[in-house]
Amino acid sequence: MGTPEAAVPSLRRLVEDGHDIVAVWTQPDKPSGRGDKMHSPSIKEFALARGLRVEQPQKIRIPQAKDLFASYEAEVGVVVAYGRILPPEYLRAPHRGCINVHFSLLPLYRGAAPANWAIVNGEAKTGVTTMFIEEDLDAGPILLQRETNIGETETAPELMQRLADIGADLLGETLAKLDVITPRPQHDRDATFAPLLKKQDGFIDWTSNAATIERCVRGFQPWPTAYTHHKSHRLIVWRATAEESSLDGSMGEVVVAHGDHLVVKCGDDTALRLIEVQPEAKRRMDVRDFLNGTHLKVGDRFGEV
RNA sequence: CGCGGGGUGGAGCAGUCUGGUAGCUCGCAAGGCUCAUAACCUUGAGGUCCCGGGUUCAAAUCCCGGCCCCGCAA
């Protein structure tokens with residue numbers, strides 16, 4: 001069971017390891033992108049290409065869906081970023097239970113967006129955990145874990161891709177050693193949470209330290225992105241670096257604007273040097289291009305709507 | 001038929017409402033100038049104004065149709 005791109009490496013690994021995959025469950029196609037085009041989950045594309053059986057129930061809490069799931073009499077259920085909380089019937093249906101691949105070092109960062117929050121919070125490392133699923137969210141007994149360091153300039157999509165690959169490896173190892181692994185219970189008192197991201201999370205607070213903002217720039221990709229406002233238009237910041245700044249200016253004010261250089265004053269005598277941005281309704285561009293077209297001046301202010 | 005923005009020399013944009021010589025900030029080329037700077041000055045090359053119709057003496061601009069890009073919302 002899985003849905004987005006991050007789940008694909010795990011499914012590929014299951015196929016390559018020769019596991020008998022009775023069915024692939026994923027979320028229904030949804031309208032996305034412009035217009036009213038329907039979009040299939042990445043997992044569905046992959047599964048269909050391999051000739052696997054795909055199920056996309058609209059509702060998983062109805063008896064028909066539960067019965068269908070139970071009817072497979074699977075040995076084990078594997079869940080990677082499915083995007084739904086599974087009712088208890090699902091957890092009990094496979095003979096050996098359901099295994100989840102979670103993209104953090106549990107009990108840290110339980111929840112929907114562990115990679116994003118790990119970057120935003122400035123963690124030096126994170127990792128992947130395989131565990132048995134229990135009813136409480138991401139709280140089941142741990143099977144295996146693997147750590148990885150977070151790069152200084154690594155973005156959330158980059159990290160996510162690495163974790164997806166690590167997760168696939170770890171899943172393969174977990175299944176291979178399932179008979180000999182002793183599950184370790186999590187200590188709930190050590191748990192932290194990585195809640196679902198909201199649009200508002202990406203709104204840049206220029207009173208923060210520039211280093212904090214820079215982590216938001218990397219961590220809130222590909223959505224909601226770190227953004228601000230300029231002359232009532234949205235401006236997404238895709239790449240930036242933090243630096244010290246003794247220049248005068250209020251927080252959110254442009255203190256340097258020429259050539260390739262666009263620097264915005266932040267809190268704690270720091271400043272954010274923007275490198276790549278994206279104006280509303282425009283494509284991503286280097287700061288030089290942005291400045292050429294907008295004729296932005298020192299003293300202009302970001303963040304005011 | 002979800003909402004909206006856009007397609008103009010190599011880049012980013014203005015001009016479109018109110019048709020009438022193709023403009024700005026850069027880049028590129030050549031020359032000049034300076035102890036120096038975010039260097040500066042001069043000159044130059046480079047354009048089917050997305051495509052196809054229509055209206056008009058005249059269309060980047062107005063009308064109809066099409067293609068492509070982007071943001072929002074999901």
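Side-chain atoms are counted along with the backbone in the values below, which use heavy atoms only and exclude waters and symmetry mates. Just so it is clear, the model here is predicted, and its values are computed rather than measured. Every chain is numbered from 1 and lettered A, B, ... according to where its sequence line falls, protein lines coming before strand lines.
- Nucleotides C62(B) and G20(B) place their P atoms 11 Å apart, quoted to the nearest Å.
- Between C41(B) and U48(B), the two C1' atoms lie 35 Å apart (nearest whole Å).
- Under the Watson-Crick or G-U wobble criterion, with both distances below 3.5 Å, G4(B) is paired with C70(B).
- Counting only N and O atoms by type, the side chains of Thr129(A) and Gln145(A) include a donor and acceptor under 3.5 Å apart.
- Between Asp289(A) atom CG and U25(B) atom P there is a gap of 16 Å when expressed in whole angstrom units.
- Counting to the nearest Å, the P atom of G27(B) and the CE atom of Met285(A) are 17 Å from each other.
- Among the protein residues, Lys282(A) comes within range of the sugar-phosphate backbone only, with heavy atoms under 4.0 Å from sugar or phosphate atoms but none that close to a base.
- When each of His258(A) and Glu280(A) is assigned the nucleotide of RNA chain B with its nearest heavy atom, His258(A) is the one assigned upstream, toward the 5' end.
- Between His229(A) atom NE2 and G71(B) atom C1' there is a gap of 13 Å when expressed in whole angstrom units.
- With both ends at atom C1', the span from C1(B) to A59(B) equals 31 Å, rounded to whole Å.
- The separation of G6(B) from C63(B), taken at their P atoms, amounts to 14 Å, rounded to a whole angstrom.
- Protein atom CG of Asn292(A) is 5 Å distant from nucleotide atom C1' of U25(B), rounded to whole Å.
- Side-chain atoms of Gln278(A) and Tyr227(A) form no donor-acceptor pair, as typed in the model, at a separation below 3.5 Å.
- Donor-acceptor pairing under 3.5 Å is lacking for the side chains of Tyr90(A) and Trp25(A).
- Among residues two or more places apart in sequence or in another chain, the salt bridge (Lys or Arg N to Asp or Glu O under 4.0 Å) test is passed with Glu243(A) by Arg273(A).
- Remark: Arg234(A) does not engage Glu280(A) in a salt bridge, criterion side-chain N to carboxylate O under 4.0 Å.
- To the nearest whole angstrom, the two C1' atoms, one in A30(B) and one in C13(B), are 27 Å apart.
- Here, A39(B) and C28(B) have their P atoms 12 Å apart, quoted to the whole Å.
- Checked for salt-bridge contact, Arg218(A) and Glu214(A) meet the test: a charged N lies under 4.0 Å from a carboxylate O.
- Put simply, Arg288(A) has no side-chain N or O that comes within less than 4.0 Å of OP1 or OP2 on G12(B).
- Nucleotides G19(B) and G10(B), compared at atom P, are 30 Å apart to the nearest Å.
- At whole-Å resolution of the value, CD in Gln278(A) and P in C69(B) are 15 Å apart.
- In this structure, G44(B) and C28(B) make a Watson-Crick or G-U wobble pair, each of the two defining distances being under 3.5 angstrom.
- With both ends at atom C1', the span from C26(B) to G65(B) equals 37 Å, rounded to whole Å.
- The nearest whole Å value for the distance from the CG atom in Leu196(A) to the P atom in A74(B) is 12 Å.
- When Watson-Crick and G-U wobble pairs are counted only if both distances are under 3.5 Å, U34(B) pairs with no nucleotide at all.
- Put simply, CZ on Arg283(A) is 9 Å from P on C13(B), counting in whole angstrom units.
- Protein atom CG of Asp260(A) is 17 Å distant from nucleotide atom P of A11(B), rounded to whole Å.
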